[in-house]
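What's counted below: heavy atoms across the whole structure, side chains too, no hydrogens, waters or symmetry copies.
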Amino acid sequence: MIEIKSDAALDAMREAGRVVATALAAMRSEAAVGVTLAELDEVAHEILRKAGARSPFLHYHPSFAPTPFPAVICASVNDVIVHGIPDGYRLRDGDLVSIDFGAELDGWTGDAATSFIVGRASPQDELLIETTEKALAAGIAAASEGRRIGDISNAIGTLARGAGYGVPAGFGGHGIGRHMHEDPHVPNEGKPGRGLRMRPGLVLAIEPMLMAGGGSSYEVAPDGWALKTVDATRAAHAEHTVAITHDGPRILTVP
């Protein structure tokens, strides 16, 4: 069932989105050579605590996963596309890090992701991240009243494939509101003019994931959570929670 949110609900989701934006900025600032992924998770824990918010990630247990998720962030490094579990890995110079984070505040949820380089960045990694962010911007631009979900999918996929990057098959964004994952699914590739027609009050988490090696295949890590590129090339992830309004897309996960 798809819930159309009221203006008051959108304002409440905006407050959850501020918590998400604050945490992502703090983790990006804290990330440095030698810092562990678990330490970044603690940074996010503390921001949730101070905000009086809870994590929709912690203990989340979808049917595909062998165990509940043990952290409040997904921390995916280099060839990990998404769903990386933060552990004692110490960041190294040149690592490409993608952080996905959500917050639930007063019964409403925000979800966003960002990718960045620790230390010295290669031009190839910078371009991968830049293109992923452009794909997100293209998807958001297509998220407007009267258009269809397939228009978002097509905007993301066309930009990604046109730049020579891969898109993991079957993965994409989702509806969001009272819960982190709601209908509808928002594929990262698709045909324009297809799918649900968007109307004001619909809220979507739009999240392109791009793989430097091209293609659509991925593999699942032994932990049953992390998705990795099949050729060990790098991946990047970008996401915002976006509301459809009469005035165009409203990004809820910004400071």
Side-chain angles (χ1 to χ4, degrees), residues 1-25 44 47-48 50-60 62 69 72-74 82 99-114 133 135-156 171-188 190 192-209 237-255:
M1 180 177 177
I2 296 171
E3 180 183 13
I4 297 300
K5 280 74 175 180
S6 66
D7 289 345
L10 295 184
D11 289 342
M13 291 187 70
R14 177 72 181 93
E15 294 310 307
R18 290 185 204 277
V19 177
V20 174
T22 298
L24 287 175
I47 289 171
L48 286 170
K50 288 182 177 179
R54 64 172 293 275
S55 170
F57 287 24
L58 185 63
H59 306 315
Y60 178 59
F69 196 76
V72 303
I73 68 170
C74 294
V82 286
I99 302 290
D100 192 355
F101 176 75
E104 182 185 306
L105 182 66
D106 298 328
W108 296 98
T109 308
D111 184 12
T114 187
E133 291 172 347
L136 174 59
I140 292 171
S144 59
E145 181 180 8
R147 301 187 70 181
R148 295 184 180 272
I149 294 295
D151 296 324
I152 297 175
S153 306
N154 182 257
I156 291 171
F171 280 82
H174 48 88
I176 184 171
R178 299 178 192 273
H179 304 283
M180 179 170 61
H181 289 135
E182 298 181 353
D183 290 333
H185 177 56
V186 185
N188 283 331
R194 303 286 183 87
L196 178 75
R197 189 178 297 279
M198 292 176 277
R199 63 188 180 106
L202 177 67
V203 185
L204 306 171
I206 300 172
E207 52 177 325
M209 309 152 196
H237 181 198
E239 178 184 17
H240 271 307
T241 296
V242 181
I244 312 303
T245 78
H246 291 299
D247 299 319
R250 180 186 179 191
I251 302 174
L252 304 179
T253 41
V254 289

_Give me the atom names and distance for the closest heavy-atom approach of S144 to I244._
C-CG2, 4.0 Å
*Flag side-chain contact, heavy atom, 4.5 Å: M198 against L196*: no
_I need the E104 CD to F57 CZ distance, nearest 0.5 Å._
12.0 Å
_Euclidean distance, R199 CZ relative to H246 NE2, rounded to 0.5 Å_ = 10.0 Å
_Tell me whether D11 is salt-bridged to K5, with the criterion being a basic N under 4.0 Å from an acidic carboxylate O._
no
*Got R194 and R148 here, is their nearest side-chain heavy-atom distance under 4.5 Å?*
no
_Here's a test for you: under side chain to side chain contact (heavy atoms under 4.5 Å, CB included), which of I152, I156, N154, I149 qualifies with P187?_
I149
_Under the side chain to side chain contact (heavy atoms under 4.5 Å, CB included) test against L136, which residue among T114, I251, V242, I206 passes?_
I206
*Answer yes or no: is there a side-chain heavy-atom contact under 4.5 Å between R54 and V72?*
no
_What's the separation between atom OG1 in T22 and atom CG in L48, rounded to the nearest 0.5 Å?_
10.5 Å
_Over all atoms of both residues, closest heavy-atom pair of L105 and A51_ = CD1-O, 3.5 Å
*Taking N188 for its side chain and E207 for its backbone only, find out whether a donor-acceptor pair lies under 3.5 Å.*
yes
*Please name the pair of heavy atoms, one in T241 and one in M13, separated by the smallest distance, quoted to 0.1 Å.*
CG2-CE, 4.1 Å
*Got a second to check how far T245's OG1 is from E145's CD, nearest 0.5 Å?*
8.0 Å
*Give the minimum heavy-atom separation between E182 and H179, together with the two atoms involved.*
OE2-N, 2.9 Å
*Are any of the side-chain heavy atoms of W108 and E15 separated by less than 4.5 Å?*
no
*Quick one: are E239 and T253 in side-chain contact, heavy atoms under 4.5 Å?*
no
*More than 12 foreign heavy atoms under 6.0 Å from CG of D7: is that the case here?*
no
*Might you point out which heavy atoms bring A142 and D151 nearest each other, and give the distance in Å?*
CB-O, 3.7 Å
_Minimum-distance pair of heavy atoms, taken over all atoms of I176 and A205_ = CG2-N, 3.9 Å
*Mind checking the CD1-SG spacing from I99 to C74? Nearest 0.5 Å is all I need.*
9.0 Å
*Output the distance between atom CG (L204) and atom NE2 (H174), rounded to the nearest 0.5 Å.*
9.5 Å
